[in-house]
Structures are given as structure tokens and as C-alpha cells.
Amino acid sequence: MDVSHILDSLNDEQRQAVAAPMRNLLVLAGAGSGKTRVLVHRIAWLMEIERLTPTSIMAVTFTNKAAKEMRGRIEKLLDLPPRGLWFGTFHGIAHRLLRAHWRDANLPENFQIIDSDDQLRVIKRVMRDLQLDETKWPPRQAQSFINAQKDEGIRAEYIEATSDLYMRTMAQVYKGYEEQCQRSGMVDFGELLLRSHEVWLNNPQLLAHYQERFRHILVDEFQDTNTIQYAWLRVLAGNRIPLTVVGDDDQSIYGWRGAKIENIQHFQNDFADSMQVKLERNYRSTSTILDAANGLIANNGSRLGKQLWTEENEGEPIDLYSAFNEQDEANYVADCIDDWVKKGNLRSDVAILYRSNAQSRVIEDAFIRQQVPYRVYGGLRFYDRMEIRNALAYIRLVHYRHDDAAVERVINVPPRGIGNKTISDIRDHARNESVTLWQACNEMISLGSLRGRAANAVQKFIDVIEDLADGATDLPLHTLVEKVINESMLKEFHGSEKGEKGQARVENLNELINATRDFEADDEEMEPLSAFIAQAALDAGENQAEEHEDSVQMMTLHSAKGLEYPLVFMVGMEEGLFPHSRSAEEPGRIEEERRLCYVGITRAMEKLVMTHAETRRLYGQEKYHAVSPFIREIPASLIQEVRLKNTVTRPVSFQRANDESWATAASSEAAFQLGQLVSHPIFGEGTVLNYEGQGPHARIQVNFLSEGSKWLVMSYAKLEAL
DNA sequence: CCCCTACTGATCCAC
DNA sequence: TCAGTAGGGG
């Protein structure tokens, strides 16, 4: 057997991992060490050397993007698509299992996946039914409670009846929510895993079937697994199926989302007879960058232990810039990028990394001023956009009339005269009669329990859906979707929103049609429509449409994981910002922040620049932050201070901006001060609450004793100070 | 039903 | 500070 095409391009460590015996294997893959490559080659090895069929291999990832990339690379390596390979995210695979065994899972055949937005609506409804005060019990809090429980594998019934009012109330909501979901066949993300885990526990034969079928399971980013995912894997593997897990404990940054770093730390104890391979050779960064990363992460205790190395040369030192304030910091970054581009480099090779999204604004402002094209990652994902979610709700209703979450969403979108009163009547009917909202609509109309106008409107809603559904099964997917978007009037509705927003919304709707046009189900057994609906629920879609212009990439440290850039800026390296002040509370959180810093550093290939601001305006207040302790943990010899603190001269642009704003405030204050008592010839006495603008357009807000608060134009108001 | 005002709260976010 | 949103008034 010629194995050269599988092993030739690999280094020794990588080969060891790829060609390891069919036993439990932990691959500790450092940043930039060729992790994906090892996974892909391992799969090829299993198929060609160990002679496993594609159907007997399961490969699990966390994101659809990762799954897609891996699939592409396997196809390229093997020169053919690996048909039958079980490939996907934890949720995608769990969903597939539940579709196949819906009876065993005690679900209706056409159960629907709901995302967090739908989930919140359902929870709100349950809480309203329980007559809980929304201000005292925020639905969002209940939502995260429920999701956290599910991630831990805990059902409502297992939450003990405690005297703790909070726990009792939450458990009550959780219970009501579970019942509501069960009644209307809704399954949330956590439920996919929880339910399929239970299916295996309750059906030994079914579990045995899969244990015979799968001969190997591979898991990517193992350090990100949470409790239920880990349990899911353990039950499935059950000492019968060997696992290859790949991950890096030093890059575990999702503890706040339920990920358990212990899962990778204890893997060797929990999975019998396992071996471990470390990938420590880095192919990405200069040795300076790696030494910085190694020095930093050495401050964490209880690591599995890794030391990145490279054959690359030292490269440039790490720059540290102490900015006067956040504007100065932003200008400095913009200036550096100008230099970089003048030297003939690409802007798309530059990334700006920050701890929290709020930090991007100041930098964006500077980029706009200096005309640096940029692109911000994150924000709303495609399938989270309002117009897309509305369109999907219609599509879901065409497919399955009893989707309560979808009815709630679009019963009055676009507005067709169904008011809150009518909707809550429909909800009441549905609850009293134990039927779905769709059934409630129909029943109430035939019973005549809706008034004339409301009845007409509801009938109109029913007709729209029924008309769309009529003959829907004969149409190709994209034609159907196009029809839905047009006939639901969503295009007109969203298109008429003012500004460029409407335009963008229509474009997105068109994009949705395009997406269906080249949609391919990865599960051939499902009908296209339900496959598409499931995909839309489980795949957030590409972050954003590709930007054509060469632009700087801006993102949070979290979303930078897995990416690499020749030039990386880590901004806001200040205590309180990074590490974030909220992470000082719990033990272990600082270590996670340190790992996040490690992730940031190891994104850089050639050059790393860190900046911090001595003063920063945060939540409307000027704050003085100390330099991040993480900077001190990097060997000082690797860092070069760009400018010594005591020689700082204020940049010209800053001085001007600052002086102007100071002058404005001063001149306004000269006239009236906030809180000052004033008198008006007509409105009488009042207190100054606020003012804005300057010169003849300046306006002032006064809270009058008799009239309440009013905005007045200062030059006409004839106010007198008292 | 839409717009304005007042209020709140504020890391990180895939599925 | 400011963004997002709930509730009142036109």
C-alpha cells in the first residue's frame, strides 16, 4: 500500500498522530501547528490504510464553517467526495439522529428547530402565562438559565424544590417551557443534544446499532466541548469506538458559554488506553511572537503543557504604544496601517483585535477620517437578520402549519391589522384548548369568536399561507422561496423602510433566494424543504458578504480564533478592559483571559503591535487604566516601546479636537449650567436639564414646574437665570 | 401604527 | 456615552 500521499507532506509529530493505532488519541495541537491538516490526513489514513468505509467514520466540529472547510480538504486529498461520511457539527449530527429516530425520541415527525430568538418568544409567553412580572424576572435571564441547565444535561424535573425563590421560579419557567416545546414539536439547540443523548440511554439496541456502525469518531476543538457534548460522546463511544480528539487547552476561551476545559484535561483518564501526541512546531509566526506567547501562557497553572517552536527567524520585536487616550490609540493604529500600505502591503493582511465590540467605534472613526477601508467582523449574522427571519417563518409555515414560533413571528408582519388584543385572544384559546396557534386561528374563525375586522385579518393571514402552500411541493426550492417572499409582501414591507436600510433588506431577501438556488442537502434522505429549513436554523450563514475592496479586518479576540494575519494589532491592553473587570470575580476566569491573550498573540505571523491608552472614556466617564498585567508577563526583551511615556507629545489632531469640545462646553456653561433654575415669560420657572448645539441653533431642555420638560431654542427662549 | 421620550444597562457568541 | 427598547401620545 502506497501511503506516501498521506504522510509525505507531514512532519514527525503530525505523522505520529495521523498514523496512530486505532485507539483513543488526544492530539494536543498548538496554534498554527497544522491541526486541520492532521485531522484530514487522519481520516484519509483511516479509510485507506485501516480500510474503514466512509459510513463508519464520524467527524464532529463546532461550526459549520469548520465542517465545510474540512470536507473540502478531504475531497481534495482523496480526489473524491467522501460520500456517506458522517460529518458536521454536534448539533447537525444530533439533529440527523433525531430525524431518523423521532419516534424513539418522543417527537413529532416534523419537529422544528427553534433558534434563540424563537426561544425567547416562547419563554416570554410561558412567563406571561405564569403571570410573572417581567421587570422582576427578565425573560433573558430565564433563557440563559434554561440553556445553561440543558448544557449541563439537567432537566427541569431534576431541579430540586428548594426554598430558594429564584431557583424555584426558574425551574417553574423551565418546566412550562419544556411542556410548551413538547406540545408544539419545537426543539432548541440544547435540546438536540440532550434529547439524542437520552435516546441512546433509553434504547440500548439503538445505541448498540450505532456502536457497531461507527468504527471511529474524530472531534475537533475538543477543549470547547461542554458537559452534554462530552456525555454524548462518552455514551456513544462507550469504550467500543475509539476517538481521535484534537484540541488545545491553552486556547480554551469559551468557559462562559459552558465549555469545560476539564474535558480535555481529563481525557486520558476518562478514556481508557489512550495515547497523546503534541504538535508543537509552529508554521505561522516568528520566534519572537512564539516566545511572547510561551512566556505569557506559562503563568497559567494546570496546563497539559506545550512549548511552541519554529525554524523561522526572530523577526521584528513586538511594538508597545502607550497612547494618551483612546483617540490617540486609534490614530496611531491608522498611521501604522498607512505606513504598512505605503510599503506595498495589503490592508487585508492586517487585523485589529479588541476585547469587546464597543472598542471598535473609536477605531472606525479614525479609519473613516483617515480613509482606511475596513471591515468589521461579527454583528448580525445572515440568518439572524429580521427580514430573513421573517421570510423563514413564512417558509416554515408553508412547510408545517403548527409551528407556533413562526406564527407568533409573522401573524402581523407585514401589518395586516391583527393587534395585540387579537393575538393574546388567540394565545388564550390555544392554551385553553391545548391546540397550536394555527389551529386556534382556524377554530376561532369558524366559531365566530373573533370580531369582524379581526376575523377578516386573521382569515387573510390563513389565506396567504394556504395559497403559498398550495402546490408548493411541486416547485423547486428556489421558486417556492421566491414566491413566498413576493406573495407574503415582505419585499414591499421591508423595502419601504427608510434610508438605505430598506435597500439592504431587499438585497438580503434576494440573497436568500440565491442561497436556496444552490442549496444542497447533506442528508439525501430528507426532503429539500425541510432540509433547507433545518440548515437555516443550524447554520448562521457566512458572516458577511465578501467585501471586494482591500480592507483592514476588525474583530474581537474571540472571533479571531483560528485565523492568522501578517500584521496584528491588539488594542486596549489595559487592566479592567483586558483582562476584563468582570473576570476578576471568579477564580479561573483570569486564566481564561490569559488564554484569550495567548490566542491573540498567536494570530500574528510577522509583526505584533500592542497598544494601551492612559485615559479612556468609558460609559461616559474618563477612566485611568493601568497597563494590562499580561504585557508584563511577556519577556521584556521581546518588547520595544514605541515612545516613552514621559516624552509623549499630544498629536496635533487630538489637540484640536479636544480644544474645540472644551470651548463648546465652556461657552454653553457660560450662559446656563445644568441644574440651574431659570425662568421663562410664559412657562414660568424650571430647571435646566440638558442642552445641545451651539450658536443660533443651540437648544436647551428645561423642566418647568408647571409644564414639564420642554426643548427650547436658546436664541428665542428669553430665559433668565435665577 | 408610528414616532418620540425616557429608561436601562453595559464581555465574549456557535448551534 | 449610547444603543436598544418599552410605553405613551398623536
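This is a predicted model, so every value here is computed, not measured. Hydrogens, waters and symmetry mates play no part in the numbers below; they use all other heavy atoms, side chains included. We name chains A, B, ... by the order of the sequence lines, and we start the count at 1 in each one.
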Return the value, rounded to whole Å, for the distance between atom [atom1] of [X] and atom [atom2] of [N].
| X | N | atom1 | atom2 | answer |
| --- | --- | --- | --- | --- |
| A:I113 | B:dA14 | CD1 | P | 17 Å |
| A:I146 | B:dC15 | CD1 | P | 22 Å |
| A:E575 | B:dT11 | CD | P | 17 Å |
| A:N226 | B:dC12 | CG | C1' | 16 Å |
| A:Q143 | B:dA14 | CD | P | 15 Å |
| A:K561 | B:dC13 | NZ | C1' | 12 Å |
| A:H580 | B:dC13 | NE2 | C1' | 15 Å |
| A:Q119 | B:dA14 | CD | C1' | 14 Å |

Notebook entry, point to check: A:W256 stacking on B:dC12: centroids under 5.5 Å, ring planes under 30°?
Noted result: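 By the stated criterion, A:W256 and B:dC12 stack.
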Check: Is the ring centre of A:H91 under 5.5 Å from the base ring centre of B:dC15, and are the two planes under 30° apart, so that they stack?
Finding: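 So A:H91 does not count as stacking on the base.
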Next item on the list: Hey, which sits more toward the 5' end of DNA chain B by its nearest nucleotide, A:S356 or A:A537?
Entry: A:S356
Notebook entry, point to check: Want to settle it: does A:G417 or A:S583 sit nearer the 5' end of DNA chain B, counting the closest nucleotide to each?
Noted result: A:G417
Assign [X] to base, sugar-phosphate, or nothing according to its heavy-atom contacts below 4.0 angstrom with the strands shown.
| X | result |
| --- | --- |
| A:N412 | sugar-phosphate |
| A:F62 | sugar-phosphate |
| A:D188 | nothing |
| A:D115 | nothing |

Next item on the list: Would you mind telling me which of B:dA10, B:dC1, B:dC12 lies closest to the side-chain atoms of A:Y619?
Entry: B:dA10
Is any side-chain heavy atom of [Y] closer than 4.5 Å to one of [X]?
| X | Y | result |
| --- | --- | --- |
| A:Q229 | A:F222 | no |
| A:H399 | A:I533 | yes |
| A:R409 | A:R121 | yes |

With a cut-off of less than 4.0 Å, is there a side-chain N or O of [X] near OP1 or OP2 of [N]?
| X | N | answer |
| --- | --- | --- |
| A:N64 | B:dC15 | yes |
| A:T556 | B:dC13 | yes |
| A:N357 | B:dT11 | no |
| A:R257 | B:dC12 | no |
| A:R361 | C:dC2 | yes |

Item checked: Verdict with supporting geometry, A:D118 and A:Q112, side-chain hydrogen bond (donor to acceptor under 3.5 Å, both in side chains) -> CA-CA 11 Å; A:D118 296 329; A:Q112 298 294 307; over 6 Å; no
Check: Taking the same atom, C1', in C:dA3 and in B:dA14, what whole-Å distance lies between them?
Finding: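 Approximately 24 Å lies between the C1' atom of C:dA3 and that of B:dA14.
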Item checked: Pairwise C1' distance for C:dT5 and B:dC12, with rounding to whole Å -> 23 Å
Margin query: With hydrogens left out and only the distance checked, is there a donor-acceptor pair under 3.5 Å joining A:R355's side chain and the base of B:dT11?
Written below: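 Between B:dT11 and A:R355, which were checked side chain against base, a qualifying N/O pair under 3.5 Å is present.
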Margin query: Whether the side chain of A:R589 and the base of B:dT11 hold a donor-acceptor pair under 3.5 Å is what I'd like checked.
Written below: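 Check passes, donor-acceptor contact within cut-off.
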Notebook entry, point to check: Is the A:W200-A:H101 ring centre distance short of 6.0 angstrom?
Noted result: no
Checklist line | Nearest atoms (heavy-atom pairs only) where A:F90 meets A:V219 | finding: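 Shortest heavy-atom separation between A:F90 and A:V219 comes out as CZ-CG1, 4.0 Å.
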